[in-house]
Amino acid sequence: MLLALSGCSVYVPMQGAAPDIRAKGELEVSGGWSLTNRLDFGATYSPLPHLLVRAAASFKGSAPAHPDSANYLQNKQYELAAGTYWPLGERWLVGGLAGFGRAHARARYQEDGFALLSSAVQHQFDAHYNRYFSETYLTCKVGALATLGLSYRLVQLRLTEATDQSVAVQASPIWRHEPMVFFRVRPSEDSPVQFQAAVGASRSAHYDEQTAGDRYDPARQFRTTRSYVSVGVALYPHLLRQRR
């Protein structure tokens, strides 16, 4: 699925999975590209009834135009997960996943959210971090070709090796809430392609971005709220299973 993030941040949330899988042997493959130089790929498979396995990766590149002054953000990450799904009649589907992810982010930018109080702070991050997450999702068919859905992720972020301006950045585990609302549609009943549009957010638990007390703590750059609007395409798992 495509991901378009607002603003610049060291932490980049991965989009919720919410696979549209309802039976053993179904496979959902997704991918996309955005104007923010973001590529996303994912595959989810059901090897047994009610069992899901998933692998996904995301790549975002923004090279600096000048080695000393230009802002940039580069992020490479992947995740592995397993879970379950339960169809509730013909229209409803509920499921969940739990997994692990790892990321490497490099970024340079000025953090000027408190510019009226003092001068902007220059950051240059090189960070490796792990993500442990659980996800629940619910989808509802609103017609023969359209589906509405909601997913929620609870993410624990752990910095494993992070520096800002070559100075080590340390922080206790950071918990983040990541809801997403999405809409999917197929062009026709026999089309193997399914399009999706989604809106999501990622917010740290018990964190108030309006206070300036931790302004000079670089770890706050891993706690700021992120939001995204995404569009993407996936191969419809039910038709893939029928054609094999």
Assess the residue pair F125 and R106 against the criterion (side chain to side chain contact (heavy atoms under 4.5 Å, CB included)); give the C-alpha distance rounded to whole Å, side-chain angles, the decisive distance to 0.1 Å, and a yes or no.
CA-CA 5 Å; F125 284 95; R106 298 177 66 247; over 6 Å; no
Apply side chain to side chain contact (heavy atoms under 4.5 Å, CB included) to residues Y132 and V155 and explain how you reach the verdict.
CA-CA 6 Å; Y132 302 88; V155 177; over 6 Å; no
Run the side chain to side chain contact (heavy atoms under 4.5 Å, CB included) check on E178 and Q15 step by step: do they pass?
CA-CA 9 Å; E178 300 185 351; Q15 182 172 286; over 6 Å; no
Starting from the C-alpha separation in whole Å, work towards a yes-or-no answer on side chain to side chain contact (heavy atoms under 4.5 Å, CB included) for Y109 and Q221.
CA-CA 11 Å; Y109 56 90; Q221 300 302 310; 2.9 Å; yes
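For E161, the CD atom counts as loosely surrounded, since its 6.0 Å shell holds 12 or fewer non-hydrogen atoms of other residues, nucleotides or ligands.
The only member of Q124, H123, Q122 that meets side chain to side chain donor-acceptor pair (under 3.5 Å) when paired with D164 is H123. Residue L93 is tested with L138, L88, T139 for a side-chain contact (heavy atoms from CB on, under 4.5 Å); the sole match is T139.
Here the side chains of Y85 and E26 are not in contact, with every heavy-atom distance at 4.5 Å or above. Side-chain contact between R131 and Q77 is present, with at least one heavy-atom pair separated by less than 4.5 Å. With contacts defined as side-chain heavy-atom distances shorter than 4.5 Å, the pair L157/Y11 qualifies. Within the 4.5 Å cutoff, side-chain heavy atoms of L73 are placed close to those of K60. Contact of the Y152 side chain with the H177 side chain is registered, since non-hydrogen atoms from C-beta on lie closer than 4.5 Å. Considering only heavy atoms from C-beta on, D20 comes within 4.5 Å of R184 through its side chain. Here the side chains of W86 and H50 are in contact, with some heavy-atom distance below 4.5 Å. Residues V169 and T163 are not in side-chain contact: their nearest non-hydrogen atoms beyond the backbone lie 4.5 Å or more apart.
Using modelled atom types, one finds a donor on one side chain and an acceptor on the other under 3.5 Å when comparing N130 with R102.
With a 6.0 Å cutoff to the six-membered ring centre and a 45° limit on the axis angle, R108 does not count as a cation-pi contact of Y72.
The main-chain N or O of A17 is found under 3.5 Å from a side-chain atom of E135 such that the two form a donor-acceptor pair. With S151 contributing its side chain and Y137 its backbone, the two residues share no donor-acceptor pair below 3.5 Å.
Residues V142 and V185 fall within the same hydrophobic cluster, defined by Ile, Leu, Val, Met, Phe, Trp and Tyr side chains chained together at heavy-atom separations under 4.5 Å. Clustering ILVMFWY residues whenever any of their side-chain heavy atoms sit less than 4.5 angstrom apart, transitively, puts F183 in the very cluster that holds V193. Residues V53 and Y78 are members of separate hydrophobic clusters, defined by side-chain heavy-atom contacts under 4.5 angstrom among Ile, Leu, Val, Met, Phe, Trp and Tyr. Under the 4.5 Å side-chain heavy-atom criterion for ILVMFWY residues, a single connected hydrophobic cluster contains both F195 and L148. L27 and L52 fall into different hydrophobic clusters, where Ile, Leu, Val, Met, Phe, Trp and Tyr are joined by side-chain heavy atoms under 4.5 Å apart, directly or via other members.
Put simply, CZ on F182 and OG1 on T147 are 8.0 Å apart, with the number rounded to the nearest 0.5 Å. Atom CZ of R54 and atom CG of L97 lie 7.5 Å apart (nearest 0.5 Å). Separation of atoms CZ (F59) and CG (L39) is listed at 8.0 Å; rounding is to 0.5 Å. Separating the CD atom in E28 from the CZ atom in R22 is a distance of 12.0 Å, to the nearest 0.5 Å. Of the inter-residue distances, the one linking I21 atom CD1 with T84 atom OG1 reads 11.5 Å to the nearest 0.5 angstrom. With rounding to the nearest 0.5 Å, the separation of CG in D40 from OG in S30 is 8.0 Å.
Nearest heavy-atom pair, R176 versus S204, reported as atom, atom and distance to 0.1 Å: NH1-OG, 3.1 Å. Taking each heavy atom of R186 and A144 in turn, the nearest pair found is NH2-O, 3.1 Å. Across G16 and R153, no two heavy atoms sit closer than the pair CA-NE, 3.8 Å. Between S188 and L145, the shortest heavy-atom contact is C-CD2, 3.5 Å. The minimum heavy-atom distance between A219 and Q170, with the atom names listed, is CB-O, 4.0 Å.
Residues Y207 and F222 keep their aromatic ring centres 6.0 Å or farther apart.
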